[in-house]
Peer 1: 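Got a structure for you, written out below as structure tokens; questions coming shortly.
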Number of protein chains: 2
Amino acid sequence: MGKPKILIKNLYEILQSEKFDCIRWTDNGRAFIIVDPEEFQKSIMPEYFYSTQIKSLYRQLNSYGFKMRSLEINQKMFSHKWFIQGNISSLYKVERQRTKSIAHLDKEKDSIVIMREEMKQLKEELETLQSQQNSILKQIRIHSIIQTYICKNIKKICDEQKKFNLEREQETRLVIYFTSMFEIFKGFQFEIASNIILQLKDIGGPQTPSFSPMIFPYM
Amino acid sequence: MGKPKILIKNLYEILQSEKFDCIRWTDNGRAFIIVDPEEFQKSIMPEYFYSTQIKSLYRQLNSYGFKMRSLEINQKMFSHKWFIQGNISSLYKVERQRTKSIAHLDKEKDSIVIMREEMKQLKEELETLQSQQNSILKQIRIHSIIQTYICKNIKKICDEQKKFNLEREQETRLVIYFTSMFEIFKGFQFEIASNIILQLKDIGGPQTPSFSPMIFPYM
DNA sequence: GGGAATATTCCC
DNA sequence: GGGAATATTCCC
């Protein structure tokens, strides 16, 4: 339990003391009326408050959350949820209210909290990105290795092809050789010779390579 | 040009008026001394200031940046860069100083603004990174497809090669066979020779493939 | 009625 | 000496 603020305590005391006619509780004790502001200012304020201006008191009451109602000319009635006759134990609840400008500061603080959250999220996203990046780099390295391997093998194939083409030429030469042999065999029965030649003709492998070189981007 | 604050103006007036003995300028006019604080409080404060406590005045002067020096018991000397006898035009420069706690708040605000800026930038950078990463992933996918395609084609080539090599071996063998046959059959009757040659048609070549299939990761 | 500057008091 | 709560004044 806090203590009631001085202002509130003084106000309550003034109202209770019944020494003053210029201020009084309403009948139900849930509000008070400053009946004679001028008198109040003259006789009470110098004793109980710092200020000599009753307007200052109004301002104070306002900042403590009192509701003000204007009655007859110059008479004001003030009421506050926790400022009730006989209810001393709730007086401490009558507190200054935060001004909007201060509430604004609170909002700023909230926005810092939010920003911290966002920052945390950003960091996490960044970490995700970084690890993704790492795995991408690994993938690229793998692809690079595979490509090197592919290129080597293509080279092998091409060499093989080349060698083979050379051999094939030799082969052709052999055929020519054979043919000329048959020339030599002139005088032999023609059927026999032609049979041999026919045989040789079929022995030749596929003549046109079915291999057409593809275009590889990485060579 | 601003106007001097009431407190400063009053203080200067009091000092200039020479009506009061309890406060006076120093000889060089760059400071003033409250010679008799009690007298000052009693006779001057009620008229010129809100407060009746001289300590409040000290507090005020402090918050306006006056330097205080204690002289003899109870005597205080105050000085301020811009509070100089005869120099009325600089009085307006004597201003309340922001309390450290408020300056601190200002710093906080500044740092929030900076943080917001940084946050915004970070977000943008992150987005750039993410979109770049996405396009990199797409590229990798394309490369992967190309590699698969390449590998498939190499396989085709290898199969072809294999098939071809088998045939070739048969061929080569036949040629060697023939050649040696002709050597052997020299002088034999041609009918016999041709019969033997017809037999050779059925001879299967060697079965072992000279080609060892490559291992491709994407097959 | 209430924001904001200034003043006062309280307190370490 | 100065931070911080409270009060007062000024002003829209």
Side-chain angles (χ1 to χ4, degrees), chain A residues 2-12 14 34 37 40-41 44-71 74 76-80 83 91-109, chain B residues 2-12 14 34 37 40-41 44-71 74 76-80 83 91-109:
Chain A
K3 274 191 265 181
K5 304 291 182 194
I6 294 262
L7 178 90
I8 303 305
K9 207 179 113 206
N10 285 345
L11 196 59
Y12 191 84
I14 290 163
I34 295 175
F40 183 91
Q41 178 168 320
I44 300 184
M45 293 213 42
E47 188 180 351
Y48 287 91
F49 306 104
Y50 302 118
S51 171
T52 53
Q53 301 298 114
I54 195 148
K55 267 210 78 181
S56 287
L57 180 68
Y58 296 164
R59 183 72 193 83
Q60 277 283 81
L61 293 174
N62 170 276
S63 76
Y64 272 89
F66 278 83
K67 306 288 176 199
M68 181 170 87
R69 241 180 80 192
S70 291
L71 306 178
N74 273 339
K76 310 273 183 188
M77 182 169 86
F78 294 89
S79 61
H80 188 288
F83 192 78
L91 286 183
Y92 79 95
K93 292 182 186 169
V94 182
E95 285 180 308
R96 300 195 126 236
Q97 294 178 320
R98 314 210 70 178
T99 152
K100 274 182 192 168
S101 62
I102 288 177
H104 183 255
L105 273 178
D106 285 352
K107 266 188 199 166
E108 289 270 293
K109 275 186 188 171
Chain B
K3 274 190 265 178
K5 304 291 180 192
I6 295 261
L7 177 90
I8 304 305
K9 207 179 116 208
N10 285 345
L11 195 60
Y12 191 84
I14 290 163
I34 296 176
F40 184 91
Q41 177 168 319
I44 299 183
M45 294 215 40
E47 189 180 350
Y48 286 90
F49 306 103
Y50 301 117
S51 172
T52 54
Q53 300 299 112
I54 195 149
K55 268 212 78 181
S56 286
L57 180 67
Y58 296 163
R59 183 73 193 84
Q60 277 282 82
L61 293 173
N62 169 276
S63 76
Y64 272 89
F66 279 84
K67 306 287 176 199
M68 182 171 88
R69 241 178 80 191
S70 290
L71 306 178
N74 273 339
K76 309 274 185 190
M77 181 169 86
F78 294 89
S79 62
H80 188 289
F83 192 79
L91 286 182
Y92 79 93
K93 291 183 188 170
V94 183
E95 284 180 312
R96 301 197 123 234
Q97 294 179 320
R98 314 214 69 178
T99 155
K100 273 182 193 169
S101 62
I102 287 176
H104 183 253
L105 271 178
D106 283 354
K107 268 188 198 166
E108 288 268 292
K109 272 186 189 171

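Reminder, nothing fancy here: chain letters follow the sequence lines and each chain counts from 1. Being a predicted model, the structure only gives us computed values, none of them experimental.
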Peer 1: Expressed as a whole number of angstroms, how long is the span from Tyr64(B):OH to dT6(C):P?
Peer 2: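 Interatomic distance, OH of Tyr64(B) to P of dT6(C): 6 Å.
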
Peer 1: Rounded to the Å, how far apart are Leu57(B) CG and dA7(C) P?
Peer 2: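 So the two atoms are 10 Å apart, to the nearest Å.
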
Peer 1: Between dT8(C), dA7(D), dC11(D), which one does the side chain of Arg96(A) approach most closely?
Peer 2: dA7(D)

Peer 1: Has His80(B) got a side-chain atom pairing as donor or acceptor with Tyr64(B)'s backbone, closer than 3.5 angstrom?
Peer 2: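 Checked: pair present.
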
Peer 1: Looking only at the side chain of Asn62(A) (C-beta and beyond, no hydrogens), which of the listed nucleotides dG1(C), dG1(D), dT6(D) gets closest?
Peer 2: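 So the nucleotide nearest the side chain must be dG1(C).
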
Peer 1: When we call it a touch if two heavy atoms are under 4.0 Å apart, what does Ile6(A) touch: a base, just sugar-phosphate, or nothing?
Peer 2: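 No contact at all - Ile6(A) keeps every heavy atom at 4.0 Å or more from the nucleic acid.
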
Peer 1: Which nucleotide in the set dA7(D), dG3(C), dT9(C) lies at the smallest distance from any side-chain heavy atom of Gln53(B)?
Peer 2: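 So the side chain of Gln53(B) is nearest to dT9(C).
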
Peer 1: Take atom NZ of Lys55(B) and atom C1' of dG3(D), then tell me their distance rounded to the nearest Å.
Peer 2: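 Answer to the nearest Å: 13 Å.
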
Peer 1: Pick from Leu57(B), Leu61(B), Asn62(B): which one makes a side-chain contact (heavy atoms from CB on, under 4.5 Å) with Arg59(B)?
Peer 2: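 It is Asn62(B), the one option of Leu57(B), Leu61(B), Asn62(B) that forms the side-chain contact (heavy atoms from CB on, under 4.5 Å) with Arg59(B).
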
Peer 1: How close do Gln53(A) and Met45(A) get, heavy atom to heavy atom, and via which atoms?
Peer 2: O-CE, 3.3 Å

Peer 1: Give a yes or no on whether the ring-centroid distance for Phe66(A) and Tyr58(A) is below 6.0 angstrom.
Peer 2: no

Peer 1: What nucleotide among dG1(C), dT9(C), dG1(D) has an atom nearest to a side-chain atom of Ser56(B)?
Peer 2: dT9(C)

Peer 1: Using a heavy-atom cut-off of 4.0 Å across all strands, would you classify Phe49(A) as base, sugar-phosphate, or nothing?
Peer 2: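 Result for Phe49(A) = sugar-phosphate.
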
Peer 1: Arg59(A) has a side chain; which of dA4(C), dT6(D), dT8(C) sits nearest to it?
Peer 2: dA4(C)

Peer 1: Round to a whole Å and report the spacing from CZ of Phe66(B) to P of dG2(D).
Peer 2: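 Rounded to the whole Å, the gap is 14 Å.
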
Peer 1: Hey, which of these two, Ile54(A) or Met68(B), hits DNA chain D nearer its 5' end, going by closest nucleotide?
Peer 2: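 Of the two residues, Met68(B) wins.
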
Peer 1: Rounded to the nearest angstrom, tell me the gap between atom CD in Gln60(B) and atom C1' in dT6(C).
Peer 2: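 Gln60(B) atom CD is separated from dT6(C) atom C1' by 7 Å.
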
Peer 1: If you look at every heavy atom in Met77(A) and Leu71(A), which pair is closest and at what distance?
Peer 2: CB-CD1, 3.9 Å

Peer 1: Between Leu7(A) (CG) and dA5(D) (C1'), how many Å, whole number?
Peer 2: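 After rounding, the gap between these two atoms is 13 Å.
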
Peer 1: Can you figure out which of dT6(C), dA4(C), dT9(C) approaches the side chain of Lys5(B) most closely?
Peer 2: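 The answer is dT6(C), which lies nearest to the side chain.
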
Peer 1: Separation of Lys9(B) atom NZ from dT6(C) atom P, in whole Å?
Peer 2: 15 Å

Peer 1: Take the protein atom CE of Met77(B) and the nucleotide atom P of dG1(D), then report the distance between them rounded to whole Å.
Peer 2: 12 Å

